[in-house]
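Remarks on the structure that follows.
Letters A, B, ... are given to chains in the order of the sequence lines, protein chains preceding strands, and every chain is numbered from 1. Computed from a predicted model, the values in this text were never measured in an experiment.
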Amino acid sequence: MTDHKKLTPRAEDFSSWYNELVQRAELADHSPVRGSMVIRPWGYGIWERMQRQLDDMFKETGHENAYFPLLIPMSFIEREKEHVEGFAPELAVVTQAGGKELEEPYAIRPTSETIIYSMYAKWVQSYRDLPILLNQWANVMRWELRTRLFLRTSEFLWQEGHTAHATPEEAEEETLTMLGVYRTFMEDWMAMPPVTGLKSPTETFAGAVRTYACEALMQDNKALQAGTSHFLGQNFSKQFDLRFQTEAGHEEYAWNTSWGVSTRLIGGLVMTHGDDEGLVLPPRLAPVQAVIVPILRGDDESPVLEKTEEVRKRLSDADVRVKVDAREHLSPGAKYYEWERKGVPYRIEIGPKDLAKGQLALAPRVVPEDGKRKAFVPENEAVAEFPNLLETFQAELLGRAAARRDAASVRGVTSLDELEEAFEQGAGFVYTGWCGDPEVEETVKERTGATIRVLPDEEFRSERAPEKCVSGERAATSEVVWARAY
RNA sequence: CGGGACGUGGCGCAGUCCGGUAGCGCACUGCAAUGGGGUUGCAGGGGUCGCCGGUUCGAAUCCGGCCGUCCCGACCA
């Protein structure tokens, strides 16, 4: 399925570029259901890589997987006041089944806190039954009014971790541990370095005491909330009667956390690394890390094809995910464009000339700062070095993304005028002081379209803590990061 | 959910104002040659024009309703 049309350049229209890329790289397509997408094999392959790695990290931090029902009794969702206010407008509700009206409607889960904690309540008697550390991989539904492939769809895939603890300290620690897991995953696997921190009260999850988040900066300098970790306190345990007997013998409500990332991460991946030719995949998440394109001649193709297969086997044995593209009806150039559009990190060309010289032609998807577009490397060396090349490529992507984020970050802003000016100049993250007043958030949003993304964790904070709130009058109680967001 | 735009083979579009039995490019199929950045020639296949209804002798074209997509806004992972 070749496709000659160029993508709309990012600089011209970032939205069009994104929409075209997602479809033309065959990541996803619109479905007949409003706001719901089909994730195609290439996109799902990336999601599978993400799942595998995250799942390993969850297991390493002591969690187990389980599965809870898709349908949740409406009365459950209505039990936690903040929670129902947050989710009611976007619920899809099942009112009929088996040809009859249901006595109680079921909501299609927008998130599973309520049904999960209702079950935990059955399972927990004593402090010895805690902690419970579960995760589930699931689909959820939020009837969004405005959707975009991967970034906001009515139905999406995610994981949701839900834990119950005997003490607030332990729950808080869990919340921060999982925020750290997400951050590590985004940096080391997605090459998408986020800023992490605490959400302001207005941005806190409906039903949580505190929400922590990973905020990543996209190439259009808008922020993407890429993962959240919530300290729920006893809000849900009190509503669902999740109690336990302490060592001392008295009853207490358990302390909960929940945390999640979704297929939205794939949108983040696209907007972090993609270029005007198409997708660019970090090697650790690429379903195919190298595609071999044999350069075939009409006269005798067999030596080239034999060598191609030999190289494929050698790389595969070195745990490289490699694919041979030997389709005969396409010219090499057409294949190059196709695999570039799909973001494969490396292309390897093998032709008669390479055969004669015992070399391979290696072409990285992104030309390194100091490198060449295509390198001719002796076969043995190329095979031996290939895993390192992939790691270098991975590091290159992270380095570039971090540099972009830092270049688009503005610190030391002390007034609303300066803040407005910074965003007019195209700033990404802007750091200021804040007094904690939600009205300041409202004012800034009206003037600039930006919101507080996080109260940054210590290592992201400015060297000198801001003394005054950006509104000018009151003293700052914390530093905050502003951005326009997805 | 409010404002705007759009919906014609897989993709991109023309045709719609001034109703008269659907067209172009790319892609696709077959054969042959070609093959190191979107290869060429020849021969083919595919669309009841988003859906439903109305007006009319006749509707892609006019009218109404609905659905979907995109952009702006409110809301949101």
Side-chain angles (χ1 to χ4, degrees), chain A residues 1-8 13-16 18-20 23-24 26 29-37 85-91 110-111 139-160 182 199 202-203 205-206 211 213-216 223-230 258-268 277 293-301 304 326-341 347-357 359-361 363 373-374 376 445-446 449 451 453 485-486:
Chain A
M1 222 173 284
T2 53
D3 178 350
H4 288 248
K5 201 165 174 292
K6 296 242 183 272
L7 297 173
T8 299
D13 181 348
F14 197 81
S15 271
S16 296
Y18 176 84
N19 293 336
E20 291 169 17
Q23 294 202 56
R24 305 248 313 271
E26 298 180 5
D29 204 352
H30 292 285
S31 79
V33 181
R34 178 205 189 97
S36 293
M37 65 177 169
E85 281 173 9
F87 284 104
E90 51 194 51
L91 283 184
T111 178
N139 57 342
V140 288
M141 177 162 278
R142 298 178 189 178
W143 207 253
E144 300 288 352
L145 299 171
R146 199 171 165 187
T147 59
R148 302 198 60 191
L149 295 176
F150 289 114
L151 299 176
R152 177 164 293 108
T153 48
S154 302
E155 180 185 356
F156 56 96
L157 303 183
W158 77 346
Q159 58 68 216
E160 47 183 324
Y182 288 154
K199 285 287 183 184
T202 45
E203 298 264 336
F205 175 75
T211 291
C214 294
E215 294 280 335
L224 182 75
Q225 181 171 307
T228 46
S229 187
H230 314 292
S258 68
W259 29 273
V261 296
S262 72
T263 37
R264 179 177 239 207
L265 289 176
I266 296 174
E277 310 305 317
V293 178
I295 309 300
L296 303 172
R297 299 257 177 205
D299 37 3
D300 185 8
E301 302 175 344
V304 169
R327 290 175 295 177
E328 289 179 26
H329 63 289
L330 293 179
S331 69
K335 294 176 185 175
Y336 302 166
Y337 280 103
E338 181 174 330
W339 292 112
E340 279 167 10
R341 195 165 53 240
R347 181 179 74 242
I348 301 173
E349 301 166 23
I350 304 178
K353 292 176 202 166
D354 306 306
L355 221 57
K357 295 181 189 170
Q359 68 185 15
L360 305 179
R373 186 184 173 84
K374 204 189 282 193
F376 297 92
K445 183 162 189 183
E446 278 167 21
T451 50
R453 302 323 302 161
Y486 274 93

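Within 4.0 Å of Pro89(A), counting heavy atoms only, lies no atom of the nucleic acid at all. Within the 4.0 angstrom heavy-atom criterion, base atoms lie near Pro352(A). Among the heavy atoms of the strands, none lies under 4.0 Å from Lys199(A). Using a 4.0 Å heavy-atom distance criterion, Leu151(A) is classed as a base contact. The residue Arg264(A) sits close to a base: some heavy atom pair falls under 4.0 Å. Note on Gln225(A): only backbone sugar-phosphate atoms sit closer than 4.0 angstrom, heavy atoms only; bases stay farther off. Counting non-hydrogen atoms under 4.0 angstrom, Gly449(A) reaches nothing in the nucleic acid. Glu340(A) comes within 4.0 angstrom of a base, heavy atoms only. Within the 4.0 angstrom heavy-atom criterion, no nucleotide atom of any strand lies near Ala226(A). Residue-level contact check: Asn19(A) touches the backbone only, with heavy atoms under 4.0 Å from sugar-phosphate atoms and none from bases. If you check every strand for non-hydrogen atoms under 4.0 Å, Thr228(A) touches nothing. Across all strands shown, Ser15(A) has heavy atoms under 4.0 Å from sugar-phosphate atoms exclusively, and none from any base. Within 4.0 Å (heavy atoms only), Phe205(A) reaches no atom of the nucleic acid at all.
With sequence neighbours excluded, the residues that form a side chain to side chain contact (heavy atoms under 4.5 Å, CB included) with Glu155(A) are Ser36(A), Asn139(A), Met141(A). Not a single salt bridge (charged side-chain N to carboxylate O under 4.0 Å, His left out) links Lys357(A) to another residue, sequence neighbours left out. Residues satisfying the side-chain hydrogen bond (donor to acceptor under 3.5 Å, both in side chains) test with Glu277(A), not counting sequence neighbours, are none. Not counting sequence neighbours, the partners of Ala88(A) by the side chain to side chain contact (heavy atoms under 4.5 Å, CB included) test are Val84(A). For Ser229(A), the side-chain hydrogen bond (donor to acceptor under 3.5 Å, both in side chains) test picks out no residue, with sequence neighbours left out.
Rounded to whole Å, the C1' atom of rU55(B) lies 37 Å from the corresponding atom of rG45(B). Rounded to whole Å, the separation between the C1' atoms of rA22(B) and rU61(B) comes to 12 Å. The P atoms of rC67(B) and rC51(B) are separated by 15 Å, rounded to the nearest whole Å. Taking atom C1' in both rC1(B) and rC63(B), the straight-line distance is 27 Å, to the nearest Å. rC75(B) and rG2(B) are spaced 16 Å apart, taking the P atom of each and rounding to whole Å.
A salt bridge links Lys374(A) with Glu349(A): the distance from a Lys NZ or Arg NE/NH1/NH2 to an Asp or Glu carboxylate oxygen falls below 4.0 Å. Contact check on Glu338(A) versus Arg347(A) returns no salt bridge, with no Lys/Arg side-chain nitrogen under 4.0 Å from an Asp/Glu carboxylate oxygen.
For Tyr337(A) and rG38(B), the ring-to-base geometry satisfies the stacking test (centroid distance below 5.5 Å, interplanar angle below 30°).
Distances from the side chain of His30(A) to the nucleotides rC1(B), rA77(B), rU69(B) place rU69(B) closest. Proximity note for Phe376(A) (side chain, C-beta onward) versus rG38(B), rG36(B), rA77(B): the nearest is rG36(B). When the nucleotides rG35(B), rU39(B), rC70(B) are ranked by their closest atom to the side chain of Thr147(A), rC70(B) comes out on top. Nearest to the side chain of Ala334(A), among rG35(B), rG38(B), rA74(B), sits rG38(B).
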Distances under 3.5 Å only, N/O to N/O: pair up the protein atoms with those of nucleotides 2-9 of chain B.
none

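Put simply, Arg146(A) has a side-chain N or O that comes within less than 4.0 Å of OP1 or OP2 on rC72(B). Within the structure, every side-chain polar atom (N or O) of Lys357(A) is placed at least 4.0 Å from both OP1 and OP2 of rG36(B).
A donor and an acceptor atom, one from each side chain of Lys353(A) and Gln359(A), are nowhere located under 3.5 Å apart.
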